[in-house]
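One structure is given below, encoded as structure tokens.
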Amino acid sequence: QLQLVESGGGLVQPGGSLRLSCAASGFTLDYYAIGWFRQAPGKEREGVSCISRSGGRTNYADSVKGRFTISRDNAKRTVYLQMNSLKPEDTAVYYCAVVRFTGQDMCTMTIPYDSWGQGTQVIVSS
């Protein structure tokens, strides 16, 4: 059974850093692109970043470019989101999700994803 579990969220001061992890089980991560999404209170869910099956292609929302870095370790079945220079507007519940790609080694945050984790809360506040 495919399962995704996020961890690493918490309370951090503005300018601080956090690293989120998304651990996958029940399937082979190699065949999937992975995305990180977030939803702030009262707002719609938005794409933050994604990474292709090989890890060779990544995409970022404009709001996090230069501050966040996505990476993956297929052997460990884990995807990471390193978040630096955090801002109060980064406060949200962060979700990882996977989508199977059988064609190009690419990723996009604008298509429906197949499976989702339960989310981890990130609060950026002084």
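The analysis underlying the following values was restricted to heavy atoms, covering all of them including side chains, and did not include hydrogens, waters or symmetry mates.
When hydrophobic clusters are built by joining Ile, Leu, Val, Met, Phe, Trp and Tyr residues whose side-chain heavy atoms come closer than 4.5 Å, directly or via intermediates, Tyr60 is grouped together with Leu86. Leu11 and Val124 are assigned to two separate hydrophobic clusters, defined by single-linkage of ILVMFWY side chains at heavy-atom distances under 4.5 Å. Note: the hydrophobic cluster containing Ile111 does not contain Val48 (ILVMFWY, side chain heavy atoms under 4.5 Å, direct or indirect links). Using a 4.5 Å cut-off between side-chain heavy atoms of Ile, Leu, Val, Met, Phe, Trp and Tyr, with links allowed through other members, Tyr95 and Ile123 fall into different hydrophobic clusters. Val79 is not connected to Val5 by any chain of hydrophobic side-chain contacts under 4.5 Å among Ile, Leu, Val, Met, Phe, Trp and Tyr, and they are in different clusters.
Heavy-atom minimum distance, Ser115 versus Leu4: O-CD1, 3.5 Å. Closest of all the heavy-atom pairs between Ala33 and Cys107 is CB-CB, 4.0 Å. Nearest heavy-atom pair, Pro14 versus Ser125, reported as atom, atom and distance to 0.1 Å: CD-C, 3.6 Å. Across every non-hydrogen atom of Leu18 and Gly8, the tightest pair is CD2-O, 3.8 Å. Across Trp36 and Met109, no two heavy atoms sit closer than the pair O-SD, 4.5 Å. Among all heavy-atom pairs drawn from Gly56 and Ser52, the shortest one is N-OG, 3.4 Å.
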Test side-chain contact (heavy atoms from CB on, under 4.5 Å) on Asn84 and Ser17 and set out the steps. CA-CA 4 Å; Asn84 299 327; Ser17 298; 2.9 Å; yes

Go through it in stages, so that I can follow the logic: the residues are Asp90 and Met83, the test is side-chain contact (heavy atoms from CB on, under 4.5 Å), and I'd like the CA-CA distance, side-chain angles, deciding distance and then a yes or no. CA-CA 9 Å; Asp90 295 318; Met83 306 187 297; over 6 Å; no

Determine, stepwise, if the pair Arg45 / Trp116 fulfils side-chain contact (heavy atoms from CB on, under 4.5 Å). CA-CA 13 Å; Arg45 186 173 63 199; Trp116 294 77; 3.4 Å; yes

Working for side-chain contact (heavy atoms from CB on, under 4.5 Å), residues Arg67 and Lys87: CA-CA 10 Å; Arg67 300 188 298 122; Lys87 304 175 181 180; 3.8 Å; yes

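Of the options Arg38, Gln121, Glu6, a side-chain contact (heavy atoms from CB on, under 4.5 Å) to Tyr94 is made by Arg38 and by none of the others. With Ile34 as reference, Ile51 is the one residue of Ile51, Val99, Leu81, Thr78 to meet the side-chain contact (heavy atoms from CB on, under 4.5 Å) rule.
Between Tyr113 and Phe37, the two ring planes are perpendicular [angle over 60°; tilted spans 30° to 60°].
Within 6.0 Å of the CD atom in Gln104, the count of heavy atoms belonging to other residues, nucleotides or ligands does not exceed 12.
Separation of atoms CG (Asp73) and OH (Tyr80) is listed at 5.5 Å; rounding is to 0.5 Å. Note: Leu20 CG to Gln82 CD = 9.0 Å, rounded to the nearest 0.5 Å. Taking CG from Asp114 and OH from Tyr32, the interatomic distance works out to 6.5 Å, rounded to the nearest 0.5 Å. In this structure, the separation between CG on Asn74 and OG on Ser54 is 8.5 Å, given to the nearest 0.5 Å. Atom-to-atom distance recorded for Leu29:CG and Cys22:SG is 8.0 Å, nearest 0.5 angstrom. The distance from the CD atom of Glu44 to the CD atom of Gln39 is 8.0 Å, given to the nearest 0.5 Å.
By the 4.0 Å N-to-carboxylate-O rule, Lys65 lies close enough to Asp62 to be salt-bridged with it.
Looking only at distances, a side-chain donor or acceptor of Thr108 sits under 3.5 Å from a matching main-chain atom of Thr110.
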